[in-house]
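Structure record follows, encoded as structure tokens.
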There are 2 protein chains.
Amino acid sequence: MPLGQRAGDKSESRYCGVEVLDFPAGEELPAVLSHSLSSSFDFLLAPLVDPDYRPTPGSVLPVAASDLVLGPAQWSSHIVGKISEWIDLDAEDEQLRLDSEITLKQEIAWASHLSLQACVLPPPKRSSCANYARVVNHILQGLTNLQLWLRIPLEKSEPMDEDHDGAKDNSDMEHTAIYEFTRAVAFLTNARGYPCLSKRHQKLLTGFFNHSVQVIISGRSNHNVSQGGVLSGDENHTEDTAVRHALSPYLDYIAYIYQRMDPLPEQERFEINYRDFLQSPLQPLMDNLEAQTYETFEKDTVKYTQYQRAIAKALVDRVSDDDVSTTKTVLMVVGAGRGPLVRASLQAAEETGRKLKVYAVEKNPNAVITLHSLIKLEGWESLVTIISSDMRCWEAPEKADILVSELLGSFGDNELSPECLDGAQRFLKPDGISIPSSYTSFIEPITASKLHNDIKAHKDIAHFETAYVVKLHRIARLAPTQSVFTFDHPNPSPNASNQRYTKLKFEIPQETGSCLVHGFAGYFDAVLYKDVHLGIEPNTATPNMFSWFPIFFPLRKPIYVPSKTPIEVHFWRCCGATKVWYEWAVTAPSPSPIHNSNGRSYWVGL
Amino acid sequence: MPLGQRAGDKSESRYCGVEVLDFPAGEELPAVLSHSLSSSFDFLLAPLVDPDYRPTPGSVLPVAASDLVLGPAQWSSHIVGKISEWIDLDAEDEQLRLDSEITLKQEIAWASHLSLQACVLPPPKRSSCANYARVVNHILQGLTNLQLWLRIPLEKSEPMDEDHDGAKDNSDMEHTAIYEFTRAVAFLTNARGYPCLSKRHQKLLTGFFNHSVQVIISGRSNHNVSQGGVLSGDENHTEDTAVRHALSPYLDYIAYIYQRMDPLPEQERFEINYRDFLQSPLQPLMDNLEAQTYETFEKDTVKYTQYQRAIAKALVDRVSDDDVSTTKTVLMVVGAGRGPLVRASLQAAEETGRKLKVYAVEKNPNAVITLHSLIKLEGWESLVTIISSDMRCWEAPEKADILVSELLGSFGDNELSPECLDGAQRFLKPDGISIPSSYTSFIEPITASKLHNDIKAHKDIAHFETAYVVKLHRIARLAPTQSVFTFDHPNPSPNASNQRYTKLKFEIPQETGSCLVHGFAGYFDAVLYKDVHLGIEPNTATPNMFSWFPIFFPLRKPIYVPSKTPIEVHFWRCCGATKVWYEWAVTAPSPSPIHNSNGRSYWVGL
């Protein structure tokens, strides 16, 4: 039975398991399972094989129960396998080492036969665990559905790579294992009277719940709590007069922590399905957006409020209160879409009492049809002129005081705002204003093994040389962001190239220890006008705006970064006759290939 | 509102649309939609653009309504676009031809902008329609979600390729278009008083319902039916006193036909999710089956009943009634799995009063664990000896009277039953019986564009050189099956190779006309013992057996077969030291490459 109903949460965090400490010999597993399920646990972490077993030729594996004693559906829904604790894959004793490998493989084969969802491996018994890594890699190659869960101690220990010189290779392997296969953390309670957790542990647990980590309650009860239910409103249990599970008070407390969490905010509920889901960035110059896409973006009221504020400020700066009745400002919306910036402009004019003449320039003929429909529905025929054209080739009948655009991608310039606005600058008055007036991209190195594996599944280089729009969730941010490229509008030297090159050096905080870098998360911040800005750079992000997810630049091979070692990365923005693209490379602590050389894998069409 | 609730039917056949005949000018589309939905239609087939429109530079497309007049959700859920009927892509008149292409592309672009699910294209206006095919191909390359539906006349006309010599290329293209893009058929009513359909049309419609075809009611009402509901129990409409839709009586009749259909049988409901879903065949020699797979197969009671009948007959033939008390028959189940054939054997012995000694030989150590559990649960310790070994290397302590196995794949020998049983034959007495005693594979040529496209999506040759297990549904069977390979057991010449080669010639019935062959469907039939058989060959298939779907051997390129032209196909079964594989090729009417040469793409490991 789930821990509770939390609006918007569909993750596995809702389920809680309990560990079976002793081997359930004599086919008592069905009774143990039944008791635990009726005590509201969702699954068992149970030993599969008698711990006294050691491999002997011709012997039958002494299992806790066969697939006839518990049916396949019960095994796969309610049992997580606990691999024998005595297994020591890096033992000095050869017989023990060989027995360990054979038994582990037999237990995993049996777990696969039963279609278990997961098995928990015992942790490596010593700091050198090369053979552990090798055997786990063997096993992983043969698995399709079974997950391996590793136990990771929560105490901080000395970084592995400082134990010995030359231990780098081993610890690299272990890091791979830890980052890639960890799904569960066993949790131990501690308290007086009723069990509870310290504030810090509560916070840790809440953080885990947000990352789909499942709780397993383990150990023997330290609390002598009366048999009454702690959970109020637990109506499913009124008929149950059987003996309560000894660990039920702990489950009640975990459920209480879970239920106490705030419901997921609307925006996160919307974004939950996009978590760690790689999307190709839009190609708005080459492709036409659909009505649904416009509709989604238009719902981002925060964004258009910022635009309206910026336009209002620009109008007031442009036309003094004395000139309000005599001066009409010419404002051009370039890339008008279905008209949200036209609306923001007219509202800013009304708010400031300035007279406005609006040109709405849009290259998508389907959006132009909708624009005509909008103008008619709103009665804006005398205020707005619709131009069905690409801004880069339109011959304007007059020059604009203000040029308004929303051509920004997750990385700022990556949807070719610089090229489009350079093209539109022709019809901006020499002292005219561009909104936005500048934008800057930012990056930070991240650990993101889930994204790395998703890209790797394509089995080609091209996907590792592509930048993706992605709602980052299962990642670790390794160092503060740094700025990459900045563009100003109107462009003070419009004939200069929009090519750019930046070299950045990231220092990983010492307490992080060593880490694996899978790529770089990218963001932008834009100055719309003077102090009105808009952006997704984490430290300055505009709150409650959902139009942009971060961008992710992957690395073909994860780079191992030892403790206290800086990362040096290079980013290029390159421009050709028909396309613009990025190239990127790491040069320290170890060199990567140049990614996306000549835009061979990923580019944005002009 | 769906036509009705039919148990197990989740297909789009449940929904019925209505065609809007006149262009809904002046924004009356929302009212038309609302009236149709309240009359229980599910969607409209509506013109998107004024039929008087012809492309003129700078003009805005005169659409029926914009995405502001009807929201994106309404467009995508309730409107199928009707492309302008005047469009004639193969007109002699160049201006008309060019206008047609521009308008068609504009309408499709608009439909994509609205995220419509489908558009209905007007049929080609003449028998030569190369430009139609070219333009539709252009459009298809740019579409992701929008479907194109073509109108196809239901009357039979002369085969295209007989109209003219040299017309072959065009008709080939047209066939591609017809087979690949057809989803809907417009339906016209005909009757007196209340509308109804002839028996033959009812049958046609029912057949369509089983293939997820959606009905669209079109035309003007010919029936002056009073406003009362024809459908009984239609409680959703009691409050609705508005004017009834003129075509409602036709909808009522379609709903009646739909609701009258039998519910989907249990087996089909189970199989519905597997329809046209390509699966790689099992590799039971190389891989170990999981408990769930055994459990599924063991539920096929029909299969085990047939085995039990065969074993009982063999026991009676082997031991006369006089010898019952003195003779014990040695029966070996080779590939015992979790024991279903052991159970069938013991039941046959009990049924016939014969004494039995059973050896259960199984190579999967996990299944052996379960076998031990079974023997214990059933109390069969004195009757059954479990052997944890591959039958090909087991040294039997005595020889068997009867060898029972179920090693058959969808194509009979494709899971290497011949090789396994040749290996097990060592411990069968010279006059011993093998159950099965023989099996034969069969093929037939089929049209299967859905399967072809699914394979093509992998963008490699290997997937076209692989045989798939698949529940065939959206296919056309083109000629009666013919037998391919036969194997007998015990093998009269056990040292002879299990290699085989067969050349087959299929005659397509004349009324089929020309067709496209995407590959060959494969089946098997097995003689278990004397008159007890088991199989999936369509003409002799064992009823209500679900252990096997057909196998599908694809062709890299579909082969166009003109009317009255036979197909010549070659199948090889090849054996190497570590693997067995098939190769196949077509040599008439036109040659294909040899598929899977040297087993490079698809093989079964020994």
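Throughout, a chain's letter reflects where its sequence line sits, starting with A, and its residues are numbered from 1. We use all heavy atoms of the structure for the numbers below, so side chains are in, but hydrogens, waters and symmetry mates are not. Please read these numbers as outputs of a predicted model, since none were measured by experiment.
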Exercise. Which one of A:Ala109, A:Gly142, A:Pro62, A:Gly58 has the most heavy-atom pairs closer than 4.5 Å to chain B?
Worked result: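 Answer, by heavy-atom pair count under 4.5 Å with chain B: A:Ala109.
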For this session: Measure across B:Ser66 and A:Ser373 and return the closest heavy-atom pair with its distance rounded to 0.1 Å.
Result: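 Shortest heavy-atom separation between B:Ser66 and A:Ser373 comes out as OG-OG, 2.6 Å.
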Problem set entry | Within 6.0 Å of NZ in B:Lys105, more than 12 heavy atoms from elsewhere |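 Yes, the 6.0 Å shell around NZ holds more than 12 heavy atoms from other groups.
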Problem set entry | Heavy atoms from other residues, nucleotides or ligands near OH of A:Tyr53 exceed 12 (cutoff 6.0 Å) |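 Atom OH in A:Tyr53 is crowded, with more than 12 foreign heavy atoms closer than 6.0 Å.
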Exercise. If you count heavy-atom pairs under 4.5 Å with chain A, which of B:Ala65, B:Ser388, B:Ser112 comes out on top?
Worked result: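 Winner by heavy-atom pair count: B:Ser112.
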For this session: Return the option, out of B:Ser115, B:Gly71, B:Pro365, with the maximum number of heavy-atom pairs under 4.5 Å with chain A.
Result: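 Most heavy-atom pairs under 4.5 Å with chain A: B:Ser115.
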Measure [X] against the heavy atoms of chain A and call it side chain, backbone, both or neither at under 4.5 Å.
X	answer
B:Leu289	backbone
B:Asn288	neither
B:Asp287	neither

Problem set entry | A:Ser389, part contacting chain B, at a heavy-atom distance under 4.5 Å |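 Neither part.
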Exercise. Which bit of A:Leu374 comes within less than 4.5 Å of chain B, counting heavy atoms only: side chain, backbone, both or neither?
Worked result: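 Contact with chain B involves both backbone and side-chain atoms of A:Leu374.
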Pairwise distance [atom1]([X]) to [atom2]([Y]) - rounded to 0.5 angstrom:
X	Y	atom1	atom2	result
B:Lys376	A:Leu68	NZ	CG	11.5 Å
B:Asn366	A:Leu61	CG	CG	8.0 Å
A:Glu290	B:Leu146	CD	CG	9.5 Å

Problem set entry | Close side-chain approach of B:His113 to A:Ile369, heavy-atom, < 4.5 Å |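 Heavy-atom side-chain distance check fails, nothing below 4.5 Å.
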Exercise. Hey, does B:Trp75 have a side-chain heavy atom less than 4.5 Å from the side chain of A:Gln292?
Worked result: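 No; the side chains remain at least 4.5 Å from each other.
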